[in-house]
Amino acid sequence: QMASSTVINKSMSFVWSIAIDKTNDSIVYATALEKGLYKSIDCGKNWSKIIDSKGFAFWDITISENSKKLWATASVSGDSLSKIFYSNDAGLSWNEMNDVPQIGLFQIEVIENPKEDILIVGGWDKGLFILEESKWKKIKEVDFSTISEIIVEKNNLIIGTWGNGVYKIKNEWNALK
């Protein structure tokens, strides 16, 4: 027997990523492909747009362990033009990060570090990049055109690709040591 389901929102036609606040599960964020970034404070019953897409597709969102910091990736669909938006106040205000890799940003993962958070991003053009010590570096172990998933697992990265399988990369750079 199948479980029942309830539609909680149909206004966001193509939701690509959902993230739940780690300190309050009533707060939910969703990236709606060509509409922007949304937030719900009532478990998804009602949604407010917090960033308009302005021609960009929002693909992924990630939240820090204390739910104060958030990051979202956006790019022009089918193009390499990319943006990363971030919030340091639980999504109340947002800023755009400067000088991000123009790779059609698609996925983002964050390693929290007391000194400086480390971002790992992947796109559909030119593979995987890591931001550490304020510099973007290409991770050469994954040089595929499309990165579909990034997971931090202890001292490793698990990388999903479109058409090239799943890879486990051991830490050989500063970010995870």
Side-chain angles (χ1 to χ4, degrees), residues 12 14-25 27-41 44 47-77 79-139 142 146-153 156-160 169 173-176:
M12 296 179 292
F14 190 22
V15 174
W16 198 261
S17 179
I18 297 171
I20 299 172
D21 186 296
K22 294 172 180 155
T23 62
N24 179 351
D25 62 7
I27 299 173
V28 183
Y29 298 89
T31 60
L33 186 58
E34 298 195 355
K35 294 191 177 210
L37 182 60
Y38 288 80
K39 180 179 182 177
S40 171
I41 58 172
W47 293 87
S48 299
K49 186 183 286 190
I50 54 178
I51 302 177
D52 192 315
S53 69
K54 296 180 183 166
F56 281 75
F58 276 76
W59 298 105
D60 198 15
I61 183 166
T62 191
I63 302 176
S64 67
E65 286 301 316
N66 67 7
S67 295
K68 298 288 184 213
K69 296 180 182 180
L70 299 97
W71 298 265
T73 58
S75 61
V76 173
S77 190
D79 193 341
S80 60
L81 187 59
S82 304
K83 294 182 179 189
I84 295 176
F85 294 92
Y86 66 95
S87 172
N88 291 320
D89 57 11
L92 296 174
S93 63
W94 289 83
N95 296 296
E96 185 178 332
M97 186 177 282
N98 295 321
D99 301 320
V100 302
Q102 298 300 305
I103 60 170
L105 287 175
F106 193 65
Q107 293 291 315
I108 188 165
E109 189 60 60
V110 176
I111 300 168
E112 294 179 66
N113 186 331
K115 183 180 170 190
E116 178 184 51
D117 292 321
I118 298 158
L119 276 65
I120 303 164
V121 297
W124 53 67
D125 187 24
K126 300 182 183 117
L128 198 64
F129 287 78
I130 187 166
L131 177 67
E132 63 178 338
E133 299 172 5
S134 301
K135 294 179 186 170
W136 287 103
K137 300 172 187 171
K138 182 165 179 32
I139 297 176
V142 178
T146 302
I147 305 300
S148 59
E149 186 64 76
I150 302 169
I151 297 172
V152 176
E153 182 253 348
N156 300 298
L157 294 177
I158 308 297
I159 307 299
I169 304 170
W173 53 91
N174 294 334
L176 302 177

- [ ] Give a yes or no on whether the backbone of Ser17 and the side-chain of Thr31 come within a donor-acceptor separation of less than 3.5 Å.
- [x] yes
Task: Cationic tip of Lys138 above Phe129 ring, under 6.0 Å, 45° of axis - done: yes
Task: Which atom of Ala32 lies closest to which atom of Tyr38, heavy atoms considered - done: CB-CE1, 3.7 Å
- [ ] Any chance you could measure Lys68, atom NZ, to Asp21, atom CG, to the nearest 0.5 Å?
- [x] 8.0 Å
Open item on the list: Using 0.5 Å steps for rounding, measure from the CD1 atom of Ile63 to the CH2 atom of Trp71.
Closed with: 9.5 Å
Open item on the list: Return the CD1 to CH2 distance between Ile50 and Trp94, rounded to the nearest 0.5 Å.
Closed with: 5.0 Å
Task: Closest heavy-atom pair and its distance - Thr62, Glu109 - done: OG1-OE2, 4.0 Å
- [ ] Answer whether the closest heavy-atom distance between the side chains of Lys69 and Val110 falls below 4.5 Å.
- [x] no
TODO: State whether the side chain of Ser82 and the backbone N or O of Gly104 hold a donor-acceptor pair below 3.5 Å, judged by distance alone.
DONE: yes
Open item on the list: Regarding Thr73 and Asp60, do their side chains bring together a donor and an acceptor under 3.5 Å, going by distance alone?
Closed with: no
Task: Heavy atoms of other groups near Asn95 CG, more than 12 under 6.0 Å - done: yes
TODO: For residues Ile147 and Ile150, report the shortest heavy-atom separation together with the two atoms involved.
DONE: CG2-CG1, 3.9 Å
Open item on the list: Can you tell me how far apart CD1 (Ile108) and CZ (Phe85) are? Round to the nearest 0.5 Å.
Closed with: 11.5 Å
- [ ] For residues Trp47 and Val28, determine if any side-chain heavy atom of one lies less than 4.5 Å from a side-chain heavy atom of the other.
- [x] yes
Open item on the list: For a 4.5 angstrom cut-off between non-hydrogen side-chain atoms, does Trp136 reach Val121?
Closed with: yes
Task: For Trp59 against Ser75, the heavy-atom pair lying closest together - done: NE1-OG, 2.9 Å
- [ ] Could you grab the distance from atom CD1 of Ile84 to atom CG of Asp99, nearest 0.5 Å is fine?
- [x] 11.0 Å
- [ ] Return the minimal non-hydrogen interatomic distance between Ser93 and Ser87, and the atom names on each side.
- [x] O-OG, 2.9 Å
Task: Ring-ring centroid check Trp124 Phe106, cutoff 6.0 Å - done: yes
- [ ] Taking the side chain as every heavy atom from C-beta outward, state whether Leu131 and Met97 have any atom pair closer than 4.5 Å.
- [x] yes
Open item on the list: Could you measure the distance from the CD atom of Glu112 to the CG atom of Asn66? Nearest 0.5 Å is fine.
Closed with: 6.0 Å
Open item on the list: Could you tell me if the side chain of Ile118 sits less than 4.5 Å from the side chain of Glu116, heavy atoms only?
Closed with: no
Task: With sequence neighbours excluded, residues passing side-chain contact (heavy atoms from CB on, under 4.5 Å) with Ile151 - done: Glu149, Ile158
